[in-house]
Amino acid sequence: MSDDIILNIQNVTKRFPGVTALSDVSIQIRRGEIHCLCGENGAGKSTLIKILSGVYPWGSYEGHILYEGKELKLGDRSIRQAIEEGIAVVYQELTLVSDMTVGENIYLGKEPVEHGSINWDKLYADTQQILTKYNLDIQPQAIVKHLGVGKMQMTEIAKALSENARVLVLDEPTSALTEAEIDKLMEILRTLKEHGVTCIYISHKIEEFFRIGDSITVLRDGKVVTTQPAQALNVEKLVSYMVGREMHERFPKGNRKPGEVIFEVQDLHAQDPDHADHEVLKGVSFNLRKGEILGIAGLMGSGRTELVMTLFGEYGKITSGKVKLGEHELKVKNSRQAMLEGISLVPEDRKRHGLVLIQSVLKNISLANLDQFASWFRIDDAAELNASMQFAKSLAIKAPNLHVPCDSLSGGNQQKVVISKWLMSKPKVLIMDDPTRGIDVGAKYEIYKLMNDLTEQGISIIMISSELEEVLGMSDRVMVMHEGQSTCTLDIADATQEKIMALATGIAQVLS
Ligand SMILES: Nc1ncnc2c1ncn2[C@@H]1O[C@H](COP(=O)(O)OP(=O)(O)OP(=O)(O)O)[C@@H](O)[C@H]1O
Ligand SMILES: [Mg+2]
């Protein structure tokens, strides 16, 4: 065995009731490399990470993991133990305490104590030292909830590094980051590599692997398909390993013929509901045609999510402007009313707004739509199950059956459940806020196909997306937002990545 291998994963199998999440997995991770882990939703990536980090302790899986040549045996206080061993994980969901400062979060539970009380000067000085060492641009005293997602992510990384991590695991770190923030993260990873930190990197944005990865392991259905040097692969090869077949196009061709304007927003202004002096929408105008997909592009913080949440009655206080559906003016006060009017929203923050995690997959899909199955005050269970099954099938939701709770599903599969729920509600206008975030390439394609089907049936879709390729690949027109305003709406034929970026960053002014 060569000294170069820091982690030697040998024949690891992990079973859950009804599911074998990992089956005979062997992977060798070299010291100081960036090892990418990829695979479809439910392939077993997070499960492997949870074994490495002690969430599932030694004895709860079969096989061996040699760490620095010795068997890793994480016991009762295993998560703490893994950290002490130098294995740190930044999870798919952020775990920071939002009301605390960056420094407090980094040293949570291990605050420097002197004469029985916390030495705050030392805590903040140490924090600054870590931030400087790894070139992280954050203020130690900043309150976490006031940071953007990108900086929260950096805080998580700093927290992991504060324990002298030798292996840093990042589980989908970029799913909520903007392009600029991703660039920054890539830079940080290179810095870490210079410091000799070994990195395991999970993502659904496979282009990233080729920017920073040294080797790539593909998992499918809990098994290793292949491990190869990144140079030996390319996007097409990798995708075919992941999905087990060749994929020739990323965006299915639709046959859309957008009709008359059915939804219109005129010079909308709205305030932050908690801070009346803060205007979040400063003049947004656009329209949406029947059977059309309108993409909304813009940087994080440009007001995209605030806009759609306001239209859905769940966020901003409208101070002026008009929203019209057909001929009548809408005054939506809450999401229930919005749904009755025929507007549905697949929210960005699915954990908070979209799912009841302890409830079954079935109930999560059908709950908002029970009236479809009600007859004479009873719910037609068979119809409910049938309809839900159809969505589960067409989106390939991976679950042993529809009665298991949502929190036993992998991250991406949970998202598919939320999407099913809103698709089932058959709205007139379907708003999707970053609908494919964290979803694998194969399932993305299925969601795009569904979007095409829906629009062909006459449903109109507003789609927010941070991935410009997706906006360009799926929309008929693109509305670009900048600092709470709509800048202009481009026909897809005239839209390019450069134009959209110029409008989104405010370099280009309103052209039309
Ligand atoms: N606590 C659990 N109980 C039962 N089944 C589970 C549990 N955790 C994971 N699974 C199942 O194990 C399989 C692998 O899940 P895992 O979360 O590792 O996937 P993943 O590759 O991380 O997917 P994603 O890309 O969607 O995050 C899935 O079929 C999932 O439903
Ligand atoms: Mg996962």
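When a ligand or atom number is given, it counts from 1 through the structure's own listing order. These values consider heavy atoms only, across backbone and side chains, with no hydrogens, waters or symmetry-generated copies. In this text, all values refer to a predicted model and were calculated from it rather than measured experimentally.
- Between G42 and ligand 1, an N or O atom pair is found at a separation short of 3.5 Å.
- Residues in residues 396-406 take part in these salt bridge (Lys or Arg N to Asp or Glu O under 4.0 Å) pairs, two or more places apart or across chains: D221-K398.
- Put simply, the side chain of T127 does not reach to within 4.5 Å of the side chain of T101, judged on heavy atoms.
- Near V19, the atoms of ligand 1 lying under 4.0 angstrom from a non-hydrogen atom of the residue are 12 (O), 29 (O).
- For ligand 1, the atoms sitting less than 4.0 Å from at least one non-hydrogen atom of T47 are 14 (C), 15 (O), 16 (P), 18 (O), numbered in the order shown with element in parentheses.
- Of the candidates G44, C38, S46, it is S46 that places a heavy atom closest to atom 22 (O) of ligand 1.
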* To do: Step by step, work out the side chain to side chain donor-acceptor pair (under 3.5 Å) result for N41 and H204.
  => CA-CA 9 Å; N41 297 126; H204 283 294; 3.3 Å; yes
Does the side chain to side chain donor-acceptor pair (under 3.5 Å) test come out yes or no for N11 and D24, once each step is laid out?
CA-CA 4 Å; N11 312 97; D24 205 22; 3.0 Å; yes
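- Those atoms of ligand 1 that come under 4.0 Å of a heavy atom in G412, given as number and element, are 24 (P), 26 (O), 27 (O).
- Checked against a 3.5 angstrom limit, the closest N/O atoms of P17 and ligand 1 fall outside it.
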For residues 194-202, tabulate all N or O donor-acceptor pairs below 3.5 Å that involve a side-chain atom, not counting sequence neighbours.
from: H195; atom 1: ND1; to: T191; atom 2: O; distance (Å): 3.0
from: T198; atom 1: OG1; to: G32; atom 2: N; distance (Å): 2.8
from: Y201; atom 1: OH; to: E208; atom 2: OE1; distance (Å): 2.8

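- Checking H64 against Q10 by side-chain atom types alone, no donor-acceptor pair falls below 3.5 Å.
- The shortest N/O to N/O separation between A43 and ligand 1 falls below 3.5 Å.
- Here the shortest heavy-atom distance to atom 6 (C) of ligand 1, taken over P400, A21, P405, S408, belongs to S408.
- Here the straight-line distance linking atom CD of E207 with atom CG of N234 works out to 11.5 Å at 0.5 Å rounding.
- Taking backbone and side-chain atoms together, S46 has an N/O/S atom less than 2.8 Å away from the Mg ion (ligand 2).
- With rounding to the nearest 0.5 Å, the separation of CD1 in I87 from CD in Q81 is 10.0 Å.
- Ligand 1 lies nowhere less than 4.0 angstrom from a heavy atom belonging to A399.
- When the heavy-atom distances from atom 20 (P) of ligand 1 to K416, K14, K398, K45 are ranked, the shortest goes to K45.
- Between G39 and ligand 1 there is no heavy-atom distance shorter than 4.0 Å.
- Short contacts between ligand 1 and N41, defined as distances under 4.0 Å to a heavy atom of the residue, involve ligand atoms 23 (O), 24 (P), 25 (O), 26 (O).
- Using 4.0 Å as the threshold, H204 has a heavy atom nearer than that to some atom of ligand 1.
- Within ligand 1, counting atoms from 1 as listed, the ones closer than 4.0 Å to a heavy atom of E172 are 25 (O), 27 (O).
- Two residues are said to be in side-chain contact when any heavy atoms from C-beta on lie closer than 4.5 Å; P173 and L185 meet this criterion.
- Between the CD atom of E163 and the CD1 atom of I83 there is a distance of 5.5 Å, given to the nearest 0.5 Å.
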